[in-house]
Peer 1: 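Sharing a structure here in structure tokens format.
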Amino acid sequence: MSDRHQTGQWLVPSDGRRWFFDSGALSLDFGYTGDFGYGIEAWESLRTPADLDAWLTDRFGPPRPASGASDYAGARQLRAAITSSARRVSSGRALEVADVDAINRWAARPAVPPYLAGGTCAPSPASPEQMLASIAHDAIRTFTAPPGRVRECAADDCHLIFLDTSRPGSRRWCSMRRCGGRAKARTHYVRTTQGEHS
């Protein structure tokens, strides 16, 4: 366990074509376990406490104890605050006070402690509450990133939100293999057809 976790997960849009989306932030990944306000029911992957544990296990290792009803309800509330905040930050709007309070309440709880590998003491398994607190910490880092780093994909027909972690801050697309690739193909097509008619 460390205080930074690999980001990204597989999404299945309405066309059924599964693809890997790296949002750039653990908290945004967590937001995309639901529909992120886009009404895409197929994206909902946290239907039970066991689903929550499966997602947390992928990022932190198995939670101990397993998530109960209160952990699950809290996770859904935290996720709603994160998705609402992401949509507001990406469009340059101020955050809702209720969302800020929800994230801050979770961030005030004990989080998963970092540890240095190579010692003789293994870390204790973290609880679901600690893992959710770590997600809230990440949300605070994400939403306090420099202006313009949390943004929507530049494609007209895509509204996925990501944290641009590139050094120059030049990421434009949710994925180069998806929207970025399509934009390049369109640009190439336009240049080719214009060349044929000139």
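The residues of the chain are indexed from 1 along the displayed sequence. Note that the structure is a prediction, hence the values are computed from the model and not measured.
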Peer 1: For Arg76 and Leu46, indicate whether the former's side chain and the latter's backbone hold a donor-acceptor pair under 3.5 Å.
Peer 2: yes
Peer 1: Would you confirm whether Ser84, through its side chain, and Ala80, through its main-chain N or O, come within 3.5 Å as a donor-acceptor pair?
Peer 2: no
Peer 1: How many angstroms lie between CG in Leu28 and CG in Asp138, if you round to the nearest 0.5 Å?
Peer 2: 7.5 Å
Peer 1: Between Ser67 and Leu52, which heavy-atom pair has the shortest distance, and what is it?
Peer 2: OG-CD2, 3.6 Å
Peer 1: Which atom names give the shortest non-hydrogen contact between Leu56 and Ile135, and what distance separates them?
Peer 2: CD2-CD1, 4.0 Å
Peer 1: Ser85 and side chain to side chain contact (heavy atoms under 4.5 Å, CB included): which single residue from Val100, Leu95, Thr142, Ile140 fits?
Peer 2: Leu95
Peer 1: For Leu26, does its backbone N or O pair with a side-chain atom of Arg59 as donor and acceptor, under 3.5 Å?
Peer 2: no
Peer 1: Would you say the side-chain atoms of Ser45 and Asp51 include a donor-acceptor pair closer than 3.5 Å?
Peer 2: no
Peer 1: Under the criterion side chain to side chain contact (heavy atoms under 4.5 Å, CB included), I'd like the reasoning laid out for Glu129 against Leu132: C-alpha separation, chi angles, the key distance, then a yes or no.
Peer 2: CA-CA 5 Å; Glu129 184 173 292; Leu132 293 170; 5.8 Å; no
Peer 1: Counting only N and O atoms by type, is there a donor-acceptor contact under 3.5 Å from the side chain of Ser23 to the main-chain atoms of Asp29?
Peer 2: yes
Peer 1: So, does Arg87 use its side chain to make a donor-acceptor pair with the main chain of Ile161 at under 3.5 Å?
Peer 2: no
Peer 1: Among Phe162, Trp43, Trp10, find the residue that satisfies the ring pair (Phe, Tyr, Trp, His ring centres under 6.0 Å) test when tested with Tyr32.
Peer 2: Trp43
Peer 1: Where the side chain of Arg151 meets the backbone of Gly148, is there a donor-acceptor pair that is under 3.5 Å apart?
Peer 2: yes
Peer 1: Keeping the roles fixed (side chain from Arg171, backbone from Trp173), state whether a donor-acceptor pair exists under 3.5 Å.
Peer 2: yes
Peer 1: How many angstroms lie between CG in Asp22 and SG in Cys174, if you round to the nearest 0.5 Å?
Peer 2: 11.0 Å
Peer 1: So His137 and Trp106, side chain to side chain contact (heavy atoms under 4.5 Å, CB included) or not? Walk me through it.
Peer 2: CA-CA 8 Å; His137 289 186; Trp106 274 103; over 6 Å; no
Peer 1: Measuring from atom CD of Gln9 to atom CZ of Phe20, what distance do you get when rounded to the nearest 0.5 angstrom?
Peer 2: 8.0 Å
Peer 1: CE of Met131 to CZ of Arg64: how many Å apart, nearest 0.5 Å?
Peer 2: 8.5 Å
Peer 1: Has Arg149 got a side-chain atom pairing as donor or acceptor with Ser166's backbone, closer than 3.5 angstrom?
Peer 2: yes
Peer 1: In Å, rounded to the nearest 0.5 Å, how long is the span from OG of Ser134 to CZ of Phe60?
Peer 2: 4.5 Å
Peer 1: Please name the pair of heavy atoms, one in His159 and one in Glu152, separated by the smallest distance, quoted to 0.1 Å.
Peer 2: ND1-OE1, 3.2 Å
Peer 1: Identify the two heavy atoms, one from Ala75 and one from Phe30, that lie closest to each other, and give their separation to 0.1 Å.
Peer 2: O-CE2, 3.6 Å
Peer 1: Give me the atom names and distance for the closest heavy-atom approach of Ala139 to Ile103.
Peer 2: CB-CG2, 4.1 Å
Peer 1: At what distance, to the nearest 0.5 angstrom, does OG of Ser127 lie from CG of Asp71?
Peer 2: 7.5 Å
Peer 1: Not counting sequence neighbours, which residues clear side chain to side chain donor-acceptor pair (under 3.5 Å) with Asp58? List them please.
Peer 2: none
Peer 1: Taking all non-hydrogen atoms of both residues, which atom of Phe143 and which atom of Val89 are closest, and how far apart?
Peer 2: CD2-CG2, 4.0 Å
